[in-house]
Amino acid sequence: MIASFLIQTLNGLASASLLFLVALGLTLIFGVTRVVNFAHGSFFMLGAYLAVSFHGFVGGGVLGFWGGALFAALAVGVVGAVAELTILRRIYRAPELLQLITTFGIVLLLKDVVLYTWGPEDILGPRAPGLTGAVWIFGKPFPQYDLLLLVLGPLIGLSVWLLLTRTDWGTRVRAATEDRDMAAALGINQALMFTGVFALGALLAGLAGALALPREPANHNMDLTIIADVFVVTVVGGLGSLPGAYVAAVIISVVKAWCIGIGDVRLFGMAFSFSKLTLVAEFIVMAIVLIIRPWGLFGTPQSPQRVSAASILPMPVPDVKRLWPLALVALALLMLPLLADRFTVVLATDIIIFALFAASLGLIMGLGGMASFGHAAYFGAGAYAAAVAFKAGAPFFVAVPAGVAFAGALAMLFGWFCVRLSGVSLAMLTLAFAQITWAIAFQWDSVTGGSNGLVGIWPPDLLSGKTAYYFATLLLAGAAILIIWRSAHAPLGYLMRAARDSRIRAEAVGVDVRIIQWRAIILAGAAAGLAGALYVFSKGSLSPDSLSIPRSVDALAMVLIGGVQTLVGPVVGAAVFMLLQDWIVRATPYWHAVLGITLILITIIFPQGIVGTLRQWRQRREGGP
Amino acid sequence: MTAPVLAVEEIGKSFKGFRAVERVSFSVDAGELLALIGPNGAGKTTTFNMINGQLAPDHGRVRLGGEDVTRSPPRALWRAGVARTFQITQTFASMSVAENLLVAILSRESATGLLADAGRANADEIQARLDEVGMGHAADTLCSVLAYGDLKRVELAIALVNDPRLLLMDEPTAGMAARERGALMRLVAERARQRNTAVLFTEHDMDVVFGHADRVVVMNRGRLIAEGTPAEVRANPLVREVYLGSTIGEANP
Ligand SMILES: Nc1ncnc2c1ncn2[C@@H]1O[C@H](COP(=O)(O)OP(=O)(O)OP(=O)(O)O)[C@@H](O)[C@H]1O
Ligand SMILES: [Mg+2]
């Protein structure tokens with residue numbers, strides 16, 4: 001028992017090494033550029049694939065494996081430098097949220113680059129020559145390679161530390177990390193250093209990807225899986241802290257390894273599978289740390305976030321006389337089934353559902369200033385809860401409210417933690433939550449159907465026709481969207497915007513910012529849950545994809561395309577996104593790349609989105625502010 | 001004898017070992033204007049932040065009407081009648097001047113509804129309060145385009161929404177012309193007399209300080225070095241030394 005416990009601990013330490021290398025790169029980059037690089041998991045994945053290919057060219061042996069690792073690390077370093085020179089360089093001054101989304105554009109782009117280059121199948125990588133056996137520890141076998149990994153992580157960490165403390169370059173990097181303005185004043189060539197640090201960070205991720213090969217095949221889920229873990233590590237360890245990154249990587253990995261080690265046990269006469277609890281364990285660790293130290297084990301409390309007034313558009317009470325286009329759109333939507341074919345009606349139903357999803361995200365992002373990279377968790381929770389209720393015998397009119405209630409309850413749970421953070425830490429936390437929710441849906445076969453999902457979830461006869469369901473969706477989702485719009489100029493909306501504009505002032509006039517934000521998150525979660533519940537009944541089936549990270553990013557893209565600072569923006573964005581997707585998916589399998597490039601371009605060129613940009617043009621023409 | 005509206009007892013605060021405020025005590029009575037002065041970096045703003053709960057003091061107490069409110073968060077203190085303006089103005093930049101006041105009113109009424117109309121009912125009160133500080137003409141102007149002095153006025157209007165019993169003003173007249181300064185301070189003084197509001201303010205303009213304060217406390221390097229009537233403080237050699245070369249006791253430049 002003790003022996004297997006120790007073995008699992010060693011196992012955890014080996015995993016921690018890989019996690020640490022990626023987190024180390026992320027932390028270095030963040031320290032100097034203040035950008036959280038979402039694409040760091042993609043660099044990890046790219047490293048793995050490049051090492052596989054190198055091995056394919058060179059063949060096995062020491063050169064094939066270690067040469068491959070070196071090659072992958074350097075090549076990914078170059079990719080990182082190119083990304084910095086072409087893209088990141090342009091966004092250093094942008095608001096944090098936009099920076100995150102730009103780097104997510106890189107995630108989507110690299111995803112399709114990998115798909116295009118290496119195809120959709122998992123590829124088994126080489127194993128380390130001479131290290132394929134096991135050593136015996138406490139009478140149990142332990143892979144030799146894992147032992148090496150276990151040492152390699154801290155060793156590389158130490159070399160980076162020496163690089164930072166013992167070299168000229170390192171001293172300058174640390175100066176820039178501590179005080180950017182000061183470093184600039186000292187005449188440190190920032191542009192060059194930023195590129196260098198970004199390349200180094202990417203190199204570490206690429207190296208980790210190559211070193212991961214003996215433990216897992218190169219596959220398409222590596223990027224988001226590792227980045228979610230790294231975000232948990234960063235939140236737990238404290239954003240920007242190198243020792244924090246290592247300690248947190250160890251804690252998370254070891255706890256996970258223990259869960260796997262305990263395996264299936266019987267507790268109180270019930271079969272209990274700990275190995276499936278790994279994600280829940282991760283969640284619990286993170287939750288405990290956040291309750292005790294919201295800024296992470298080794299972090300420092302965040303200074304109130306910098307909000308540049310220039311990036312926030314005003315939201316005046318709309319003039320009733322200007323609302324006639326809305327009435328026209330409503331009329332058109334009511335007439336649509338008369339004029340359009342079945343296919344269009346189904347597409348329109350989808351658009352309305354996603355318009356609600358996007359509007360609910362727009363509520364917390366636009367009015368609340370809270371980034372969420374995991375909004376699909378609520379969409380999926382609503383969908384799953386409705387589907388499960390339906391499967392248990394509940395009729396449509398009970399299952400849908402059940403979905404809404406469940407999503408709202410989940411938002412209440414997650415939101416309680418979210419309102420303790422802000423800015424990038426908050427964004428990372430939401431992503432981690434969503435990934436955990438996804439994994440639960442993916443693994444909990446008996447309830448969610450696991451990776452197969454659930455099928456045969458259809459609305460009652462009354463709504464079974466596509467047109468009837470269209471009208472039901474229009475009514476329910478439309479009402480929810482109107483409530484969200486209305487709330488912007490209701491007390492809740494004013495208080496949310498107040499908290500976003502100046503948290504200090506809001507608190508100084510008696511506003512409990514956390515409670516307001518919590519309410520907004522619950523409202524948005526419930527609304528997204530309604531979208532999810534309507535979605536599952538329109539499709540008849542459901543898979544874990546409905547709460548995956550890409551689904552969350554779809555919502556972000558919609559909000560951004562339409563305009564995050566406007567009320568109708570997210571809805572317009574949803575329509576544009578869905579139509580574009582419908583069109584592009586038919587033309588090319590590389591929809592992700594197109595979306596990724598779109599996101600990058602929007603965040604750099606039109607950060608206010610379609611509606612925001614139009615409104616600015618109009619205001620400029622009218623000569624107003 | 002009734003307790004003073006505000007009593008600060010031996011409060012102190014260090015930042016990473018640097019003692020920004022050390023064992024500072026003073027009190028403000030109802031209807032009194034107390035000026036807290038001192039050179040840059042003396043610890044005035046830090047003291048303000050500890051009084052309104054934005055910073056937790058390392059030691060010492062803050063009492064409001066005798067009641068211990070140390071470490072209460074700003075929002076609780078606001079509900080207990082403490083309002084403040086900031087040295088670096090804090091307003092809601094994406095909103096109009098009127099909406100800035102509206103937020104404070106909504107908070108006062110504890111309105112957090114999802115569907116209620118926030119605007120209509122309070123328009124008259126907002127206009128009256130803006131007129132009071134001379135910003136009535138700018139109700140619909142966005143705060144992001146206001147001049148600094150005007151922002152200070154808006155902040156004062158926001159602070160008065162709650163009819164505070166203690167008003168904290170951190171450099172309330174910065175960014176204003178000399179004549180405007182006098183007018184603003186007269187407004188505040190009048191209000192303090194009428195409603196018995198205790199006012200604590202910091203100020204670098206000595207005309208404002210000696211023209212309007214009932215009493216003055218002086219800080220330097222985190223410590224309280226003098227306290228008294230304007231005349232006493234003006235005559236205090238220690239204060240003169242601290243302000244050597246500055247404008248104390250001289251005419252406004
Ligand atoms: N959050 C902080 N962290 C570190 N040091 C701080 C912090 N806030 C204030 N200080 C330091 O504490 C000292 C007192 O600052 P404070 O702002 O209270 O001075 P002040 O009297 O208001 O000055 P001024 O007249 O310039 O506004 C200064 O030296 C300042 O640098
Ligand atoms: Mg100050």
Side-chain angles (χ1 to χ4, degrees), chain A residues 300-301 304 307-318 363 366-367 369 479-480 482-520 522-524 526-527 565-566 619 624-625, chain B residues 16 48-49 52-54 73-86 88-96 98-122 140-146 151 154-155 158-159 161-162 164 168:
Chain A
T300 41
V307 188
S308 60
S311 68
I312 299 178
L313 295 180
M315 193 173 278
V317 180
L363 175 72
L367 302 190
L482 289 178
I483 290 177
I484 289 174
W485 283 351
R486 169 74 201 168
S487 72
H489 294 101
L492 181 72
Y494 270 107
L495 297 177
M496 283 172 74
R497 285 186 278 150
R500 172 199 66 190
D501 284 6
S502 168
R503 190 185 184 112
I504 292 177
R505 168 49 73 197
E507 291 272 349
V509 294
V511 179
D512 192 335
V513 168
R514 280 184 182 176
I515 295 275
I516 293 296
Q517 292 183 333
W518 198 26
R519 282 196 193 152
I522 295 169
L523 175 65
Q565 306 286 343
T566 65
Q619 276 164 357
Chain B
K16 293 183 187 154
F48 267 48
N49 286 344
N52 94 313
Q54 206 162 295
R75 57 173 186 276
L77 283 166
W78 188 76
R79 297 210 178 272
V82 181
R84 82 173 277 189
T85 69
F86 293 86
I88 301 168
T89 54
Q90 293 283 342
T91 54
F92 308 125
S94 75
M95 297 187 204
S96 70
E99 285 175 316
N100 268 261
L101 265 73
L102 175 61
V103 168
I105 292 173
L106 292 173
S107 172
R108 184 187 70 198
E109 324 268 280
S110 297
T112 56
L114 180 62
L115 297 175
D117 190 335
R120 305 257 143 64
N122 305 301
D140 293 327
T141 311
L142 286 179
C143 269
S144 55
V145 301
L146 282 188
L151 280 175
V154 173
E155 277 217 307
I158 295 174
V161 158
N162 200 27
L168 307 169

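Chain naming here is simple, since letters A, B, ... match the order of the sequence lines and numbering starts at 1 in each.
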Novice: Where does I516(A) contact chain B at under 4.5 Å (heavy atoms): side chain, backbone, both or neither?
Specialist: side chain

Novice: Does any backbone or side-chain atom of A111(B) lie under 4.5 Å from a heavy atom of chain A? Answer side chain, backbone, both or neither.
Specialist: both

Novice: For C143(B) and N100(B), work out which heavy atoms get closest and say how close.
Specialist: SG-ND2, 3.2 Å

Novice: Give a yes or no on whether the backbone of V509(A) and the side-chain of S107(B) come within a donor-acceptor separation of less than 3.5 Å.
Specialist: yes

Novice: Testing the 3.5 Å rule here: is there a donor-acceptor pair between the side chains of E155(B) and T89(B)?
Specialist: no

Novice: Counting only non-hydrogen atoms closer than 4.5 Å, does A506(A) touch chain B with its backbone (N, CA, C, O), its side chain (CB onward), both, or neither?
Specialist: both

Novice: Between R84(B), E109(B), E99(B), which residue shows the highest count of heavy-atom pairs closer than 4.5 Å to chain A?
Specialist: E99(B)

Novice: Given heavy-atom pairs under 4.5 angstrom as the criterion, report whether the side chain, backbone, both or neither of L102(B) touches chain A.
Specialist: side chain

Novice: If I measure from the heavy atoms of chain B, does I484(A) come under 4.5 Å with its side chain, its backbone, both, or neither?
Specialist: neither

Novice: How far does CZ of R497(A) sit from CG of L492(A), to the nearest 0.5 angstrom?
Specialist: 10.5 Å

Novice: Does any backbone or side-chain atom of S110(B) lie under 4.5 Å from a heavy atom of chain A? Answer side chain, backbone, both or neither.
Specialist: neither

Novice: Counting only heavy atoms closer than 4.5 Å, note whether L115(B) contacts chain A via side chain, backbone, both or neither.
Specialist: both

Novice: From L367(A) CG over to S487(A) OG, what is the distance, rounded to the nearest 0.5 angstrom?
Specialist: 6.5 Å

Novice: Would you find more than 12 non-hydrogen atoms of other residues, nucleotides or ligands less than 6.0 Å from I88(B) atom CD1?
Specialist: no

